[in-house]
Trainee: 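Got a structure for you, questions after.
If you're wondering where the values come from, they're calculated on a predicted model, not measured in any experiment. Side chains are part of it too, since the values below use all heavy atoms of this structure and drop only hydrogens, waters and symmetry mates.
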Amino acid sequence: MTVQPNSIEARDAAYQLHSYSNARKMEAEGSLILEEGEGIYVTDNTGKRYIEGLSGLWSVAVGFGEQRLIDAANAQMQKLPYYHTFAQKSHTPSVELAEKLIEMAPVPMSKVFFTNSGSEANDTVVKLLWYRANAMGTPEKKKIISRIKGYHGVTVASASLTGLPYNHMSFDLPLPGILHTGCPHYGGFAQDGESEEQFVARLAQELDDMIQSEGPDTIAAFIGEPVMGAGGVIVPPEGYWAAIQAVLKKYDILLIADEVICGFGRTGKMFGCETMGIEPDIMVMSKQLSSSYMPISAVMMNDRVYQPVADESDKIGTFGHGYTGSGHPVGAAVALENIKIIEERDLVGNAAKLSPLFIERLTALTDNPLVKEMRGIGLIGALELKQQGDAVGVAGAAMSAACMERGLIVRNLGDTVALCPPLIITEAQLNELFDIYADALASLSF
């Protein structure tokens, strides 16, 4: 990438600190500037068009440029562009969205609390659990168990839940009271000669041992993504979630399902919980909730979680938590319309229908000697490439660059190269995506 003086790339490097970027590399090289989006495609400022193979950040379910979402935002902006949900005030879009989410929930839920990102939502969950523990007269019951390679956000609390080194290094994280148990990646963490069934049993026993070691009365909850996303697209083995839930029920520990990536159709069902047989007490949603056209996220809780919180707010006089943008009317209106589109166009069904082709095309690439493993479910998947030398991520970065050169945007997570296309993708477009992905892989040599 050539950066000209005073170009948009140069101005970007001069004035903006970017997420998940090497700041010095960014200063030297500039960034890819995207200007337009339509369907599964985005176009940069030179006019080059790309398939957005990661749906932005795992999130643009209905594709780019969806007029119905633009119209929903415009109509709400003209009617009530902003109002809050503090101090017993509300507005129709937030009420209707909360009602819709409760109706959609795969298990009985009681209340919805709106936030603006998955990170804020998981941060709120941590505070809710602490608040609830105090309300129940069990102030010691505040530890939360997450998993190695889990991803739950980047605020101080949610980054502590995240089990990835880069989210902790030099940030002085994780916070005390946040624990990390084993990752359900059989290909990465199974012991020699260990079957998937034995691997699952070991992870469940390790969780049980951790709970006993810490003290069951000190553990508030366990949090997990039904299918791990940013940790490398990790699909847990059969029986994993049943085994984990059995341990949690044994010790009366709450279960939080982080549906930020999986929710609204990504795994071939409306929620990842349905795909994996999870019965959560709390669900966290964002990304495909509004197809990321507006920042909005939600924490959905059952009555077991809500009632003690409500009692404590009555005792204190208020629930002292909330955000200026909680339940933002424009965000809520867009989310409602987005859900209507997902339902009306059966995009969940489209993900389920195209999943066999998606998995077939990914699997076919495992013949390449550079490929270590294929992982995927629904319309989310990845190839993990073999590490080149001592440096993690060399192969993944090369693959990502080769894809971009050919007009496909993917994301490399170390040496894992992820795909998560918009749910509107057609069979022909999916084949187009994989033709580019395969050609990029074939071009690599080390």
Trainee: Can any side-chain N or O of Gln387 pair as donor or acceptor with the backbone N or O of Gly389 at less than 3.5 Å?
Mentor: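 Judged by distance alone, yes, a pair lies under 3.5 Å.
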
Trainee: For the CD atom of Glu259 and the CD1 atom of Ile282, what is their distance to the nearest 0.5 Å?
Mentor: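 Output value for this atom pair is 13.5 Å.
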
Trainee: Regarding Glu9 and Asn45, do their side chains bring together a donor and an acceptor under 3.5 Å, going by distance alone?
Mentor: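 A pair is found: one side chain offers a donor N or O, the other an acceptor, under 3.5 Å apart.
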
Trainee: For Glu344, give me all partners under salt bridge (Lys or Arg N to Asp or Glu O under 4.0 Å), at least two apart in sequence or on another chain.
Mentor: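 Result, salt bridge (Lys or Arg N to Asp or Glu O under 4.0 Å) vs Glu344: Arg68.
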
Trainee: If we count only N and O atoms by modelled type, under 3.5 Å, do the side chains of Ser291 and Asn338 hold a donor and an acceptor together?
Mentor: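 Result is yes, a qualifying pair exists.
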
Trainee: With side chain to side chain contact (heavy atoms under 4.5 Å, CB included) as the criterion, how do Asn116 and Ile296 come out once you've worked through the C-alpha distance, each side chain's angles and the decisive distance to 0.1 Å?
Mentor: CA-CA 4 Å; Asn116 304 290; Ile296 187 167; 6.0 Å; no

Trainee: Quick one, Leu203 and Pro184 - any side-chain contact, counting heavy atoms below 4.5 Å?
Mentor: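 In contact.
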
Trainee: Taking the side chain as everything from C-beta on, heavy atoms only, tell me whether Gln245 gets closer than 4.5 Å to Ile278.
Mentor: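 Yes - at least one pair of side-chain heavy atoms lies under 4.5 Å apart.
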
Trainee: Please determine, by modelled atom types, if Asp12 and Ser31 share a side-chain donor-acceptor pair under 3.5 angstrom.
Mentor: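 There is such a pair (donor and acceptor under 3.5 Å, judged by atom type) between the side chains of Asp12 and Ser31.
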
Trainee: Distance-only, no hydrogens or angles: does the Asn412 side chain make a donor-acceptor pair with backbone N or O of Ala418 under 3.5 Å?
Mentor: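 No, Asn412 side chain to Ala418 backbone: no donor-acceptor pair under 3.5 Å.
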
Trainee: Show every salt bridge (Lys or Arg N to Asp or Glu O under 4.0 Å) that has at least one partner inside residues 419-446, sequence neighbours left out.
Mentor: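 Listed by first then second residue: Arg361-Asp435, Arg406-Asp439.
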
Trainee: Give a yes or no on whether the ring-centroid distance for His328 and Phe114 is below 6.0 angstrom.
Mentor: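 No, they do not, as the ring centres are separated by 6.0 Å or more.
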
Trainee: Is the backbone N or O of Asp209 less than 3.5 Å from a side-chain atom of Ser213, with the two atoms forming a donor-acceptor pair by type?
Mentor: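 Side chain of Ser213 to backbone of Asp209, a donor-acceptor pair under 3.5 Å: no, none is there.
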
Trainee: May I ask you to say whether Glu96 pairs ionically with Lys100, meaning some side-chain N is under 4.0 Å from a carboxylate O?
Mentor: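 Here Glu96 does not pair with Lys100 in a salt bridge, since their nearest N and O are not under 4.0 Å apart.
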
Trainee: Does Glu214 have any salt bridge (Lys or Arg N to Asp or Glu O under 4.0 Å) partners at least two apart in sequence or in another chain, and if so, which?
Mentor: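 In terms of salt bridge (Lys or Arg N to Asp or Glu O under 4.0 Å), with neighbours along the sequence ignored, Glu214 is linked to Lys143.
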
Trainee: Examine distances only and state if a side-chain atom of Ser59 and a backbone atom of Lys287 form a donor-acceptor pair shorter than 3.5 Å.
Mentor: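 Side chain of Ser59 to backbone of Lys287: no pair is present.
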
Trainee: Have Thr155 and Ser158 got a donor and an acceptor in their side chains that come within less than 3.5 Å?
Mentor: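 On atom types as modelled, these side chains qualify, holding a pair under 3.5 Å.
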
Trainee: Only counting residues at least two apart or in another chain, list the ones meeting side-chain contact (heavy atoms from CB on, under 4.5 Å) with Glu238.
Mentor: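 Partners of Glu238 under the side-chain contact (heavy atoms from CB on, under 4.5 Å) test: none.
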
Trainee: If you draw a 6.0 Å radius around CD in Glu196, do more than 12 non-hydrogen atoms from other residues or ligands fall strictly inside?
Mentor: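 Yes, CD of Glu196 has more than 12 neighbouring heavy atoms, counting only those of other groups under 6.0 Å.
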
Trainee: Evaluate whether atom CD of Glu38 has more than 12 neighbouring non-hydrogen atoms of other residues, nucleotides or ligands under 6.0 angstrom away.
Mentor: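 At most 12 heavy atoms, drawn from other residues, nucleotides or ligands, come within 6.0 Å of this atom.
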
Trainee: Indicate yes or no for a side-chain donor-acceptor contact from Ser55 to the backbone of Pro421 under 3.5 Å, with no hydrogens or angles considered.
Mentor: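 Flag set: sc Ser55 to bb Pro421 pair under 3.5 Å.
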
Trainee: Please identify each residue that fulfils side-chain contact (heavy atoms from CB on, under 4.5 Å) with His168, with sequence neighbours left out.
Mentor: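 His168: side-chain contact (heavy atoms from CB on, under 4.5 Å) contacts with Leu173, Pro174, His180.
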
Trainee: Do the side-chain N and O atoms of Ser195 and Gln198 include a donor-acceptor pair separated by under 3.5 angstrom?
Mentor: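 Result is yes, a qualifying pair exists.
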
Trainee: Just to verify, what does Leu444 make a side-chain contact (heavy atoms from CB on, under 4.5 Å) with, not counting sequence neighbours?
Mentor: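 Partners of Leu444 by the side-chain contact (heavy atoms from CB on, under 4.5 Å) criterion, ordered by chain and then number, come out as Leu370, Leu385, Ala398, Met399, Ala402, Leu441, Phe446.
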
Trainee: Any side-chain heavy atom of Leu408 sitting closer than 4.5 Å to one from Leu433?
Mentor: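 Answer yes - side chains close enough.
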
Trainee: Quick one: does Val233's side chain get under 4.5 Å of Met228's, heavy atoms only?
Mentor: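 No, their side chains stay 4.5 Å or more apart.
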
Trainee: Heavy-atom count check: over 12 atoms from other residues, nucleotides or ligands less than 6.0 Å from Glu194 CD?
Mentor: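 Enclosed: over 12 neighbouring heavy atoms sit under 6.0 Å from CD of Glu194.
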
Trainee: Less than 4.5 Å apart, any side-chain heavy atom of Ile234 and any of Cys183?
Mentor: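 With C-beta onward as the side chain, the pair touches.
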
Trainee: Look only at the side chain of Ser400 and the backbone of Gly396, and say whether a donor-acceptor pair between them is shorter than 3.5 Å.
Mentor: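 No.
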
Trainee: Strictly by salt bridge (Lys or Arg N to Asp or Glu O under 4.0 Å), give each pair with a member in residues 372-386 just once, sequence neighbours left out.
Mentor: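 Of all non-adjacent pairs touching residues 372-386, those that pass salt bridge (Lys or Arg N to Asp or Glu O under 4.0 Å) are Lys372-Glu384, Glu373-Arg375, Arg375-Glu384.
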
Trainee: Is the distance from the ring center of Tyr240 to that of Phe199 below 6.0 Å?
Mentor: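 Centroid separation for Tyr240 and Phe199: 6.0 Å or greater.
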
Trainee: With rounding to the nearest 0.5 Å, note down the distance linking OH in Tyr323 to CZ in Phe113.
Mentor: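 It comes to 6.5 Å.
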
Trainee: Can you list everything that forms a salt bridge (Lys or Arg N to Asp or Glu O under 4.0 Å) with Glu66? Sequence neighbours excluded, please.
Mentor: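 Salt bridge (Lys or Arg N to Asp or Glu O under 4.0 Å) check on Glu66 returns Arg345.
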
Trainee: Taking the six-membered ring for Trp, is the centroid-to-centroid distance between Phe264 and Phe271 below 6.0 Å?
Mentor: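 So the answer is yes for these two rings.
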
Trainee: Below 4.5 Å, heavy atoms only, C-beta onward: do Ile409 and Ile51 meet side chain to side chain?
Mentor: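 The answer is no, as the side chains (C-beta and beyond) never meet within the 4.5 Å cut-off.
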
Trainee: Lys269: which residues meet the salt bridge (Lys or Arg N to Asp or Glu O under 4.0 Å) condition with it, sequence neighbours left out?
Mentor: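 Result, salt bridge (Lys or Arg N to Asp or Glu O under 4.0 Å) vs Lys269: none returned.
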
Trainee: Hey, does the side chain of Gln288 reach the backbone of Gly263 with a donor-acceptor pair shorter than 3.5 angstrom?
Mentor: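 Looks like yes, one N/O pair under 3.5 Å.
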
Trainee: If you measure from CG on Asp346 to CD1 on Ile341, what distance do you get to the nearest 0.5 Å?
Mentor: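 Reported to 0.5 Å precision, the distance equals 14.0 Å.
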
Trainee: How many angstroms lie between OG1 in Thr46 and CD in Glu35, if you round to the nearest 0.5 Å?
Mentor: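 Nearest 0.5 Å value for the OG1-CD distance: 10.0 Å.
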
Trainee: Can you pull the salt bridge (Lys or Arg N to Asp or Glu O under 4.0 Å) pairs that have at least one residue in residues 245-258, sequence neighbours excluded?
Mentor: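 Those involving residues 245-258 are Asp208-Lys250, Asp252-Arg304.
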
Trainee: If you measure from the Lys or Arg side-chain nitrogens to the Asp or Glu carboxylate oxygens, is any gap between Lys340 and Glu343 under 4.0 Å?
Mentor: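 Salt bridge between Lys340 and Glu343, a charged N being under 4.0 Å from a carboxylate O: no.
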
Trainee: Could you measure the distance from the CG atom of Leu289 to the CG atom of Leu101? Nearest 0.5 Å is fine.
Mentor: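 Between Leu289 CG and Leu101 CG, I get 6.0 Å after rounding to 0.5 Å.
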
Trainee: Less than 4.5 Å apart, side chain to side chain, heavy atoms only: is that true for Leu357 and Asn431?
Mentor: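 Of all side-chain heavy-atom pairs linking Asn431 with Leu357, at least one is under 4.5 Å.
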
Trainee: Output all residues satisfying side-chain hydrogen bond (donor to acceptor under 3.5 Å, both in side chains) with Glu405, sequence neighbours left out; order by chain, then residue number.
Mentor: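 With sequence neighbours excluded, Glu405 shows a side-chain hydrogen bond (donor to acceptor under 3.5 Å, both in side chains) to no residue whatsoever.
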
Trainee: Could you walk me through whether Thr366 and Val371 pass the side chain to side chain contact (heavy atoms under 4.5 Å, CB included) check?
Mentor: CA-CA 6 Å; Thr366 58; Val371 175; 4.1 Å; yes

Trainee: What I want to check is whether the side chains of Tyr50 and Asp44 have a donor and an acceptor closer together than 3.5 Å.
Mentor: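 Looking only at side-chain atoms, Asp44 and Tyr50 do form a donor-acceptor pair, the distance falling under 3.5 Å.
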
Trainee: Atom CG of residue position Asn22 - does it have more than 12 heavy atoms of other residues, nucleotides or ligands inside 6.0 Å?
Mentor: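 Enclosed: over 12 neighbouring heavy atoms sit under 6.0 Å from CG of Asn22.
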
Trainee: Can you tell me if Glu225 uses its side chain to pair, donor with acceptor, with the backbone of Gly229 under 3.5 Å?
Mentor: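 Here the side-chain-to-backbone pair exists.
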
Trainee: Could you walk me through whether Trp241 and Leu255 pass side chain to side chain contact (heavy atoms under 4.5 Å, CB included), step by step?
Mentor: CA-CA 11 Å; Trp241 275 111; Leu255 174 56; 4.0 Å; yes

Trainee: A side-chain contact here means heavy atoms from C-beta on lying under 4.5 Å apart; do Phe222 and Ile144 qualify?
Mentor: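 No; the side chains remain at least 4.5 Å from each other.
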
Trainee: Could you grab the distance from atom CE of Met285 to atom OG1 of Thr115, nearest 0.5 Å is fine?
Mentor: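 Taking CE in Met285 and OG1 in Thr115, the distance rounds to 9.0 Å.
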
Trainee: Taking atom NZ as the centre, does Lys48 end up with more than 12 heavy-atom neighbours from other residues, nucleotides or ligands that are less than 6.0 angstrom away?
Mentor: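 Yes.
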
Trainee: Report the residues that fulfil side-chain contact (heavy atoms from CB on, under 4.5 Å) with Asn167, sequence neighbours left out, ordered by chain and then residue number.
Mentor: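 Only Tyr20, Tyr151, Val154, Thr162, Leu164 meet the side-chain contact (heavy atoms from CB on, under 4.5 Å) criterion with Asn167.
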
Trainee: Under the 3.5 angstrom rule, does the side chain of Gln16 hit a backbone N or O of His18 as a donor-acceptor pair?
Mentor: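 No: the side chain of Gln16 does not pair with the backbone of His18.
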
